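The structure appears right after this line, and notes come after that.
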Amino acid sequence: MCAEATSPVPPVRRRGRPRIDLRRLGHAALRGPAPRHPLPDAIEHVAKVHRAHHPGADLDPLRRAYLLAESSHRGQTRKSGEPYITHPLAVTLILAELGAETTTLTASLLHDTVEDTEVTLEQVGEEFGEEVRYLVDGVTKLEKVDYGAAAEPETFRKMLVATGNDVRVMSVKLADRLHNMRTLGVMRPEKQARTARVTRDVLIPLAERLGVHALKTELEDLVFAVLHPEAYERTRRLVRDRTARPGPLEATAERVRAVLREADIAAEVHIRPRHLVSVHRVRLGRGELTAADFGRLLVLVAEDADCYAVLGELHTCFTPVVSQFKDFIAAPKFNLYQSLHTAVVARQEGGEVTEVLVRTHRMHRVAEAGVVALGSPYTADGQDGAEAPDGERTDPTRPGWLSRLLDWQRDTPDPDTFWDSLREELAEDREITVCEAGGATVVLPAGASCVDAAYALHGGGAHSCIGARVNGRLVSLASLLRDGDTLQLLMAQDGASGPSPEWLDCARTPAARIAISGWLAAHPAAAARETARSRPAGPAEPDPAGPAPGPPGGGPADGCRVTLLAEAFGRPRLLAELTEAIAQQGAAVVSARVEPPHEQRVQHTYTLRLAGPAGLPALVRAMRRVPGVYDVSRVGAPGERTPDADEDEDEDEGAPGADRAPRADGAPRADGAPPCRPAAGASAVPAVPEGPAARPTAGNAAPAGQPGRESRARAGKPG
């Protein structure tokens, strides 16, 4: 037999059934189903932070986005020498710490792929959906090859337009700029300064308006270090030295905790240090810094009602500083910020003033993360950006200021004009709310005038505006508005009027300035006429006949001479009806002067001879009854005024008009005003105020709320 045949065959061993580890299966069941694909180690930390805010989030889009970004950026490095993928990872981590949802994080991982690699927007849309594609497109810069020097302003215009539809675009941009500012030290000094200035002028105000306080404060400190290194280092040393030793804030915080425990209010009390720029501002404003100026107390509670309960305990157990109390819960800021602000004095801690913020946990999340904490605008309470009755979007991720910014940018095709207007718009960090007489409200930057309100409410229709009433008082269009004012705009009926070049001096909002400049450029002839009308008038022509001599003998029968200024809206036959009203009162016109119309207003100055001083109140009433006349005032020495018609008609007070009427004998009146000048031997009649004082302009108009006669507040002449 061959060897093969005689060799023994090894026995076949039968395999037993494998043992089942029930303990291991139980742990696996508790952990849930295993992921289809393991997460790369590079995004493990991002995923952990994201799951802390969104426990049920699907991490597969993050895994796929990281793999695409890593493979696309492979071989690319940053200026610091680090692999480029570290930048999108850092941006994604910043947003994850703010609580951004998965779509935003996916877009942040891919935000530079289309700009710096061969990946296309179509590829991003196919693999990750239209939302991610839109966000990536919104933050992708425009090429300098195509736009030249206009690339930067046009890129920001593109981002703002995209932000108008989805505010998450700006969230990604802010996080991107924050990481770039953190690593700015490797750039040339001039590049650092330029980037810091753009961050200061544009991105920090945008972060403030979007309520992203966490990003805003760090950006401010980083810009502070680049643009003001000496002040930054000095402030940093101050903060370092102060934090090295205990201060009164710790003791005050412990007292507040004890007070709230005794009142049975569940609350967390934290010490919230000020960031460096805030400390620097406090030092500039107050000079010497106290230990309490380096931070504030933050009290967090569960419900809105608890905020006011905490406030009551604080004001009961401590001495409140009433002037520093602000309620941003009842009246939130325009960037969604809500808190109670107060300040108290704790005598046990040396009597230093301690500032306290009181808010709920939800308010705190919004205060730190702003619109990032609100998530997707497409799923916010199912509203999907519905329009509110007053034109503002009910979707909180589309604030009203952003809608207005998008409106005026459409009328600004020039990149430089857009860039300058954007910086000016964002420089306004306070807003006021003005109510129109019809019930509509408009939000304007602090310091806005009636011109700004007119264009915000009526757009191009504001070209025919000829006047305004604020809180019932007639004011000029240059008058400044205050928070809570009620505004009634007066419009020309013919519609043929247009803005004056002087409106540009009192227009504060870009929307108003752009609209006015556009109309003036389109109507050069009308603009030239308005410019000529707005020049100061020359001296009055002398009366060729000379002063009218009075009858011989003097005395009351000689009459008296008075100069009156009538202010009215321009219309046909106004001069004829005014002179007819004067003649019906028995007054003789010695001289008359009519100034050219300005902003649809005219001023008539009449030097009149009356039979006696008793006829002056009736004459004023008759002139005021002429349609279009809104004021008649006396021109003369300072302190001289025209008797009010309603005073002279008041019979229940013993005819006060009789006491205030001018006397023909030259004696002072009962109210101390100069007398009506006698015609015989009278000195020259004072000329009507010339130049800017004779017409309402932005330079001499008083604020709408200032007391005094309306016409004098408008025209700036002495009362």
Side-chain angles (χ1 to χ4, degrees), residues 24-74 78 80 82-113 124 127-129 131-132 135-136 139 168 171-183 207 211-219 268 270 272 298 300 361-376 379:
R24 184 175 179 182
L25 288 178
H27 286 307
L30 290 175
R31 288 195 302 268
R36 289 169 294 178
H37 302 282
L39 285 174
D41 293 340
I43 61 170
E44 280 285 354
H45 184 55
V46 172
K48 182 179 178 181
V49 174
H50 183 44
R51 277 281 174 85
H53 291 277
H54 305 277
D58 180 12
L59 300 181
D60 189 60
L62 292 181
R63 180 191 64 81
R64 293 187 291 112
Y66 170 76
L67 292 177
L68 177 59
E70 195 278 331
S71 61
S72 303
H73 290 296
R74 191 173 298 159
R78 308 194 78 213
S80 60
E82 297 175 325
Y84 196 89
I85 191 62
T86 59
H87 172 63
L89 278 174
V91 172
T92 305
L93 181 59
I94 291 171
L95 292 169
E97 290 172 342
L98 292 175
E101 34 70 58
T102 307
T103 303
T104 304
L105 300 186
T106 303
S108 66
L109 283 170
L110 301 170
H111 77 276
D112 277 337
T113 54
V124 172
E127 294 192 24
F128 299 96
E131 281 189 52
V132 175
L135 298 181
V136 173
V139 295
R168 293 175 294 178
S171 302
V172 176
K173 178 59 182 177
L174 290 173
D176 172 63
R177 179 53 61 95
L178 177 57
H179 185 249
N180 285 334
M181 288 296 298
R182 287 175 179 174
T183 58
V212 195
H213 182 79
L215 302 187
K216 176 213 168 213
T217 53
E218 187 175 353
L219 284 172
E268 300 176 13
H270 304 279
R272 185 179 178 86
L298 173 63
L300 299 178
H361 293 280
R362 181 190 60 80
M363 294 175 188
H364 183 59
R365 286 194 299 272
V366 176
E368 291 297 298
V371 296
V372 179
L374 300 178
S376 171
T379 59

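Predicted model only: the values in this text are computed from it and were never measured.
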Going from [atom1] on [X] to [atom2] on [Y], what distance comes out if it is rounded to the nearest 0.5 angstrom?
X	Y	atom1	atom2	value
Leu300	Met363	CG	CE	11.0 Å
Asp112	His87	CG	NE2	5.0 Å
Glu218	Met181	CD	CE	9.5 Å
Leu93	His45	CG	NE2	5.0 Å
His179	Leu89	NE2	CG	9.5 Å
Lys173	Leu135	NZ	CG	14.5 Å

What I'd like to find out is whether the side chain of [X] reaches to under 4.5 Å of the side chain of [Y], using heavy atoms alone.
X	Y	answer
Arg168	Glu101	yes
Val46	Tyr66	no
Arg63	Asp60	yes
Glu70	Ile43	no
Val212	Ser171	no
Val132	Val124	yes
His364	Leu298	yes
His53	Leu98	no

Self-check item: Test side chain to side chain contact (heavy atoms under 4.5 Å, CB included) applied to Phe128 and Leu68, step by step
Solution: CA-CA 11 Å; Phe128 299 96; Leu68 177 59; 3.7 Å; yes

Practice problem: For the pair Arg78 (side chain) and Thr183 (backbone), establish whether a donor and an acceptor sit closer than 3.5 Å, ignoring hydrogens and angles. | Solution: no

What pair of heavy atoms forms the shortest contact from [X] to [Y], and how long is it?
X	Y	result
Pro88	Leu109	CB-O, 3.5 Å
Thr86	Pro83	OG1-O, 2.7 Å
Leu62	Leu105	CD2-CB, 3.6 Å
Leu59	Ala47	CD1-CB, 3.8 Å
Ala175	Leu215	N-CD1, 4.1 Å
Leu95	Ser108	CD1-CB, 3.7 Å

Exercise. Count the heavy atoms of every other residue, nucleotide or ligand shown that sit under 6.0 Å from NE2 of His270, and state whether that count exceeds 12.
Key: yes

Self-check item: Whether His50 and His54 hold their rings parallel, tilted or perpendicular, with breakpoints at 30° and 60°
Solution: tilted

Exercise. Would you check if there is a donor-acceptor pair between the side chains of His111 and Asp176 at a distance under 3.5 Å?
Key: yes

